[in-house]
Amino acid sequence: MGKSTLTREMRREQNQLAELATAEMLTIFGSLNFKNIDVSAPGFIEASVSVAERYHNEATYLGADMYLSMRSQAGVAGRFDVVSPGLDSVQLRKDLVYLAPISAKKLMSQGQRIPDTARTVFTLTSGRVTKTVLDGSRQTIEASTVADSQAVAYARQTSAGACDFCVLMAENTYKHAEDALYSSGTRKRAKKPQAAGSKYHDHCRCTVVTLFNNEMPQRWHDKQEFREAWFDATNQGIDPHEFIEKTGKGKAYLDGFN
């Protein structure tokens, strides 16, 4: 399995976890009684945290497996212990208190009907839960990249037609990898592997891939041309590994993307 194929598989499995979590959120959402929101909210929140914890664990295993697979595909030898940050369930509970009972009471006090309020609250709570779920894989890859001496940087991978925020955050991670590529001297590793694009919004489906020392594209004489090509690939939803695989010297890359 090639590196770009591996990344597509990771995206597919991540999306599947998000869809399963959303389906379970829809099932438990019926326990939220908007006419008695203060009484019903605690049980809904605990059930939501349980969904998030379960699928976050699965996403963490996915991220760990994918990280080691990317490392192996890049030809990196030796043992590495994947770093997997845990889920902050305390913060998630606080978020859900605000997104469920507090938001519901605010909307209804402003005259919004219960069916409309319910739709809004479901969008808010399911979005936060799915973000938390997918952070399991994303944060595992990010933290492992920072800890791995053979990794250059991680890059955020959007889908085609991604929102402006995700494109901007992805470009930040690409700039970081680019800085490592064009760094002076013999240093092959970025000084700060943690890139500036590690923030994700609710419902975000972005993935993260790691770039290793021996798979960075060759340094181009025209850095700006390289940057424009890489950002253009980002906006098209092209996987960073696929970009690297297709990138040649000079302007040959244009044939691969146009």
Side-chain angles (χ1 to χ4, degrees), residues 2-15 59 62-64 66-76 82-83 134-183 188-201 204-220 223-247 253 256-257:
K3 289 185 287 293
S4 58
T5 303
L6 184 69
T7 307
R8 285 194 293 271
E9 177 65 15
M10 179 171 65
R11 175 180 294 278
R12 186 190 67 79
E13 292 191 33
Q14 267 198 185
N15 286 340
L62 171 64
M66 287 297 175
Y67 186 84
L68 294 176
S69 295
M70 287 188 288
R71 198 173 191 269
S72 175
Q73 288 278 358
V76 179
V82 171
V83 180
L134 297 192
D135 279 348
S137 62
R138 293 186 293 228
Q139 291 178 357
T140 294
I141 293 173
E142 291 172 355
S144 296
T145 302
V146 173
D148 192 347
S149 63
Q150 297 302 309
V152 174
Y154 59 77
R156 180 173 179 151
Q157 170 62 22
T158 67
S159 57
C163 70
D164 292 342
F165 174 81
C166 286
V167 170
L168 176 62
M169 291 296 99
E171 288 183 354
N172 284 342
T173 64
Y174 279 38
K175 287 178 183 177
H176 183 77
E178 175 195 63
D179 287 342
L181 172 65
Y182 282 91
S183 60
K188 295 182 180 180
R189 179 169 163 78
K191 288 183 178 179
K192 296 180 180 179
Q194 56 274 39
S198 58
K199 295 181 179 179
Y200 305 92
H201 60 77
C204 179
R205 299 294 181 92
C206 288
T207 54
V208 180
V209 299
T210 299
L211 304 173
F212 293 90
N213 286 333
N214 60 350
E215 63 174 354
M216 290 295 289
Q218 287 197 1
R219 182 183 307 199
W220 290 14
K223 181 177 179 179
Q224 183 60 35
E225 182 183 57
F226 175 83
R227 173 177 291 185
E228 291 174 357
W230 205 339
F231 289 0
D232 184 53
T234 304
N235 293 334
Q236 295 181 49
I238 294 172
D239 171 75
H241 288 137
E242 184 177 355
F243 175 83
I244 290 170
E245 289 168 3
K246 290 185 177 180
T247 297
Y253 73 93
F257 302 120

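Note that these values count all heavy atoms, side chains included, but never hydrogens, waters or copies made by symmetry.
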Flag, side chain of R205 to backbone of Q14, donor-acceptor distance under 3.5 Å
no

If I take atom NZ from residue K199 and atom SG from residue C166, how far apart are they, to the nearest 0.5 angstrom?
13.5 Å

Under the side chain to side chain donor-acceptor pair (under 3.5 Å) test, which residues partner T140, sequence neighbours left out?
none

Apply side-chain contact (heavy atoms from CB on, under 4.5 Å) to the pair R156 and C204, showing each step before the final yes or no.
CA-CA 12 Å; R156 180 173 179 151; C204 179; 3.5 Å; yes

Could you tell me whether the side chain of T158 and the main chain of C206 form a donor-acceptor pair under 3.5 Å?
no

Of the non-hydrogen atoms in V83 and A147, which two are nearest, and what is the gap between them?
CG2-CB, 3.8 Å

Apply side-chain contact (heavy atoms from CB on, under 4.5 Å) to the pair T210 and R71, showing each step before the final yes or no.
CA-CA 8 Å; T210 299; R71 198 173 191 269; over 6 Å; no

Within the side chain of S144, is there an N or O that forms a donor-acceptor pair under 3.5 Å with the backbone of I141?
no

Steps toward side-chain contact (heavy atoms from CB on, under 4.5 Å) verdict (M66, E13)
CA-CA 11 Å; M66 287 297 175; E13 292 191 33; 4.1 Å; yes

Inter-residue atom distance R12.CZ - T7.OG1, 0.5 Å rounding:
13.5 Å

Might you point out which heavy atoms bring T145 and A153 nearest each other, and give the distance in Å?
CG2-C, 3.6 Å

Do you know which two heavy atoms are closest between A151 and F212, and how far apart they sit?
CA-CD2, 3.8 Å

Compare every heavy atom of F165 with every heavy atom of H201, then report the nearest pair and how far apart it is.
CD2-CD2, 3.7 Å

Between atom CE of M10 and atom CD of Q157, what is the distance when rounded to the nearest 0.5 Å?
8.5 Å

Indicate yes or no for a side-chain donor-acceptor contact from R138 to the backbone of Y200 under 3.5 Å, with no hydrogens or angles considered.
no

